[in-house]
Amino acid sequence: MDLKVNSVRGFKDVFGKDVIKFQAIEDAARMCFEMFGFKEIRTPIVEKTSLFQRGIGEGTDIVEKEMYTFIDRNGDSISLRPEATAGVIRAFLEHKLYNASSLHKFYTIGPMFRHERPQRGRLRQFHQINAEVIGSDAPLADSEIIWLAWAILKEAGLFEGLRLEINSLGCPRCRPQHRHDLMDFLNNNKAELCEDCRRRIDKNPLRVFDCKNEACKKALMLAPLIRHYWCPECAQHLGDVLDYLETINIPFVINPYLVRGLDYYNRTTFEIKASRLGAQDTVAAGGRYDRLIEWLGGPDCPAVGMAIGMERAILMMDMDILEKAAYDNRPDCFFITFNSEGRGHALRFMNKLRDKFIACEMSYDKKSMKAQMRYADRVGARLAIIIGEDEVDNEEATVKDMETHAQHRVQFDRLVEWVGKLVDEKRG
RNA sequence: GUGAGAGUAGCUCAACAGGUUAGAGCGUCGGGUUGUGGCCCCGGAGGCUGUGGGUUCAAGUCCCAUCUCUCACCCCA
């Protein structure tokens, strides 16, 4: 078929097995959020462009060259959200929730948009599971956010090959000195660095540590690391976070080079990487952002958050989760009929059974017995219920167990009860 | 945004160095005696070979452009 219009590049339809996977990770998330006491918040997909410019940072790649920004009919500049935190904080401030209580734990699940070159694990519309703890600078909040990300992935059955990397970016007291010294070091060693890294010196000096170039790696061996600049409070803070992680048996690796692409992060920063994902291997990431709320015009209010990339999590999923879902989703009853009277009876029974949460289907078109049976088999129906001419005349239905092949004639007035019992047994 | 590879039925893939009506498996639909599924057998439908140009007597096959996907860079979830 030659469709005149196709979906936009980097925007994908989700259906079939992918939907089941999305539901699996989403169910796991909602379950964990409930266990951790997080409340859902749903914010708009579109925000004023200035929110992201102020929140994420004007110099960041996300804002500079990846945002979907439009001028709407009023002449206002609006953008599709490239991440969730800025919108959640905007809502938090707009509704003055900081007056309602001192601590808020929010989660939100939904699509984000970034105009990047698509590849495996990277789409222009992608989906995140997002959590924020607003109103606490305690290390416990950091570890709980990390714990939450870890728990969701685990609950979704995705723990193999996961690696938690963690670092501290310091605070406004200790960070400037490090940045200054690092820039000095890089400028003095410019000759050794690759073109990309030279560009990074002014833009985002910490990023040089990510470079894969061997010459750069060598040159950076002696570069100043943020960990040597941590003030006592920052060092203590990270130490506490790590202690808590140990207490709950979450393994971690300290990565002194770990940085974040968004300007608002400070102190704790972490990524959960999956070895089997290829180049885009970060499934979840986050950190502390104590300054953001103030930047956005709110009170001085610390916060920490995380995001899980749903598409990336889904790439790690195995088939057994699909098989389980397929088993759970099968219809209980499939009605087979041959004439309008039979169909009338079938509809009335389906009405009653569906009210009792017994899943029922029937074929919409007039088809042969064989075709209807084949369909019932293919959708995995537990029972086939035949109401043909003979059954109509005798006010009975033929109930066939598709697994044991056993079949019984059942009086119409006892059918609902009979089927209810049988389905209960078969569901286990 | 940069570099490389790929694009043939719903899916997975064929089609010698350009040569007659582009094939197979799976799936799908129908049939294998009156109303019984999974296995087996038979048959049908389904492709303007991603799209648009060009070279040639002749293009799925060569060239150019474009779109999409994949891999890497970059960036990040």
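FYI, side chains are in, hydrogens and waters are out, and symmetry mates aren't considered; it's all heavy atoms of this structure.
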Using the C1' atom as the point on both nucleotides, what is the distance between B:U2 and B:C29, in whole Å?
49 Å
Sugar-phosphate, base or nothing in reach of A:Asp390, heavy atoms under 4.0 Å:
base
Which part of the nucleic acid, if any, lies within reach of A:His127 when heavy atoms closer than 4.0 Å are counted: base, sugar-phosphate only, or nothing?
nothing
Pairwise C1' distance, B:G35 and B:G27 [rounded to whole Å]
27 Å
Which nucleotides of nucleotides 66-73 of chain B have their base under 4.0 Å from a protein heavy atom (B), which only their sugar-phosphate (S), and which neither (-), written as one string 5' to 3'?
--SSSSBB
Starting at CD of A:Glu83 and ending at P of B:A77, how long is that distance when rounded to a whole Å?
8 Å
Above 12 or not: heavy atoms from other molecules or residues under 6.0 Å from CD of A:Glu246?
yes
A:Asn167 versus A:Asn255, side-chain donor and acceptor atoms under 3.5 Å
no
Looking at A:Glu192, is its backbone amide N or carbonyl O close enough to the side chain of A:Asn189 to form a donor-acceptor pair, meaning the two atoms are under 3.5 Å apart?
no
Using whole Å, report how far NE2 of A:His405 lies from C1' of B:C39.
12 Å
Between B:A6 and B:C48, how many Å separate the two P atoms, rounded to a whole number?
24 Å
Which base, if any, makes a Watson-Crick or G-U wobble pair with B:U56, both distances under 3.5 Å?
none
Between the side chains of A:Thr398 and A:Gln407, does any donor sit under 3.5 Å from an acceptor?
no
Tell me what A:Arg378 touches on the nucleic acid: a base, only sugar-phosphate, or nothing, going by heavy atoms under 4.0 Å.
sugar-phosphate
Output the single nucleotide from B:G35, B:A77, B:C75 whose closest atom is nearest the side chain of A:Ala285.
B:A77
Round to the nearest Å and state the distance from A:Ile336 atom CD1 to B:U36 atom P.
10 Å
Using a 4.0 Å heavy-atom cut-off across all strands, classify A:Ala284 as base, sugar-phosphate, or nothing.
sugar-phosphate
Determine the interatomic distance between P on B:C11 and the same-named atom on B:G1; round to the nearest Å.
28 Å
Both A:Lys367 and A:Ile272 contact RNA chain B. Which one's nearest nucleotide lies toward the 5' end?
A:Lys367
Nucleotide B:U36, atom P - distance to CD of A:Glu391 in whole Å
12 Å
With side chain to side chain donor-acceptor pair (under 3.5 Å) as the rule and sequence neighbours excluded, what pairs involving residues 144-157 of chain A come up?
none
Whole-Å distance separating the CG atom of A:Asp61 from the P atom of B:U2:
15 Å
Is a donor-acceptor contact shorter than 3.5 angstrom present between the side chain of A:His115 and the base of B:G1?
no
With both distances under 3.5 angstrom, what nucleotide forms a Watson-Crick or G-U wobble pair with B:C71?
B:G3
Figure out the CD/P separation between A:Glu66 and B:A77, and round it to whole Å.
10 Å
If you measure from the ring centre of A:Phe126 to the centre of the six-membered ring in the base of B:A77, is it under 5.5 Å, with the planes under 30° apart?
yes
Classify the nucleic acid contact of A:Ala371 as base, sugar-phosphate or nothing, counting any heavy atom under 4.0 Å across all strands shown.
sugar-phosphate
Evaluate whether atom OH of A:Tyr375 has more than 12 neighbouring non-hydrogen atoms of other residues, nucleotides or ligands under 6.0 angstrom away.
no
Distance check, C1' atoms only: B:G19 and B:U56, in whole angstrom units.
12 Å
Roughly how many Å is it from CZ in A:Phe15 to P in B:G10, rounded to a whole number?
13 Å
Heavy-atom nearest nucleotide on RNA chain B for A:Lys370 versus A:Gln407: which residue maps closer to 5'?
A:Lys370
For nucleotides B:G46 and B:U34, find the distance between their C1' atoms and express it as a whole number of Å.
32 Å
Opposite nucleotide pairing with B:G25, Watson-Crick or G-U, both atom distances under 3.5 Å
B:C11
When we call it a touch if two heavy atoms are under 4.0 Å apart, what does A:Lys65 touch: a base, just sugar-phosphate, or nothing?
nothing
Can you tell me the distance, in whole Å, between the CE atom of A:Met306 and the C1' atom of B:A77?
11 Å
Rounded to whole angstrom, note down the C1' distance from B:G53 over to B:U70.
26 Å
Take atom P in B:G38 and the same atom in B:U33, then report the distance between them in whole Å.
13 Å
Closest non-hydrogen atom pair, A:Ala284 against A:Ile308:
CB-CG1, 3.8 Å
Is any side-chain heavy atom of A:Phe126 closer than 4.5 Å to one of A:Pro111?
no
Which of parallel (below 30°), tilted (30 to 60°) and perpendicular (above 60°) describes A:Phe33 and A:Phe38?
tilted
Should B:C48 form a Watson-Crick or G-U wobble pair with both distances under 3.5 Å, which nucleotide is its partner?
none
If only atom types and distance count, is the side chain of A:Asn351 paired as donor or acceptor with the main-chain N or O of A:Leu347 below 3.5 Å?
no
For B:U36, the nucleotide meeting Watson-Crick or G-U wobble distances (both under 3.5 Å) is none
